[in-house]
Amino acid sequence: MEQNAELTQAIWKKSSHSGGSGGNCVEVVGLTGGRRAVRDSKDLTVPALVVEAGAWVAFVEGVRNDKF
């Protein structure tokens with residue numbers, strides 16, 4: 001499936017830390033090959049950031065280990 005079609009048909013998941021009213025709203029979706037797409041749900045005109053599987057794993061590990 002083409003990446004644009006994948007993103008259009010995706011079922012995005014909002015971060016539980018995004019707050020309910022106008023807060024920092026980050027959404028993520030899994031794509032083929034273990035890639036992930038991340039977007040700002042407040043401004044859907046900005047293209048999603050798509051990262052490779054290894055980069056996503058490193059990011060999540062960094063968050064879990066308070067590296068950011």
Side-chain angles (χ1 to χ4, degrees):
M1 180 180 294
E2 182 182 314
Q3 180 175 305
N4 287 341
E6 259 190 304
L7 294 175
T8 301
Q9 297 172 10
I11 298 173
W12 294 83
K13 294 183 180 184
K14 186 178 287 192
S15 169
S16 61
H17 297 283
S18 289
S21 58
N24 298 321
C25 300
V26 175
E27 295 180 322
V28 177
V29 67
L31 304 173
T32 57
R35 295 171 303 128
R36 297 291 189 276
V38 181
R39 72 179 182 183
D40 178 352
S41 65
K42 295 185 313 296
D43 188 356
L44 299 180
T45 63
V46 176
L49 171 66
V50 177
V51 296
E52 296 299 322
W56 181 256
V57 169
F59 170 72
V60 171
E61 286 177 4
V63 170
R64 285 184 179 150
N65 294 316
D66 287 327
K67 300 286 182 183
F68 304 105

Please report the shortest heavy-atom distance between Ala53 and Gly33, naming the atom on each side.
CB-O, 3.9 Å
Kindly indicate, with the supporting measurements, whether the criterion side-chain contact (heavy atoms from CB on, under 4.5 Å) is fulfilled by Arg36 and Val51.
CA-CA 5 Å; Arg36 297 291 189 276; Val51 296; 4.2 Å; yes
Carboxylate-amine/guanidinium contact Arg35 Glu6, below 4.0 Å:
yes
For the residue pair Trp12 and Leu7, what are the closest heavy atoms and their distance?
NE1-O, 3.6 Å
With sequence neighbours left out, the residues meeting salt bridge (Lys or Arg N to Asp or Glu O under 4.0 Å) with Arg39 are Glu27
Contacts of Val63 that satisfy side-chain contact (heavy atoms from CB on, under 4.5 Å) - sequence neighbours left out:
Phe59, Phe68
When rounded to the nearest 0.5 angstrom, what distance separates CG in Asp43 from SG in Cys25?
11.5 Å
Same apolar cluster: Val26 and Val60, side chain cutoff 4.5 Å:
yes
What's the spacing between Asp40 CG and Leu49 CG if we round to 0.5 Å?
12.0 Å
Of the non-hydrogen atoms in Ile11 and Val29, which two are nearest, and what is the gap between them?
O-CG2, 3.6 Å
Distance check, rounded to the nearest 0.5 Å: Leu31 atom CG versus Trp56 atom CH2?
10.5 Å
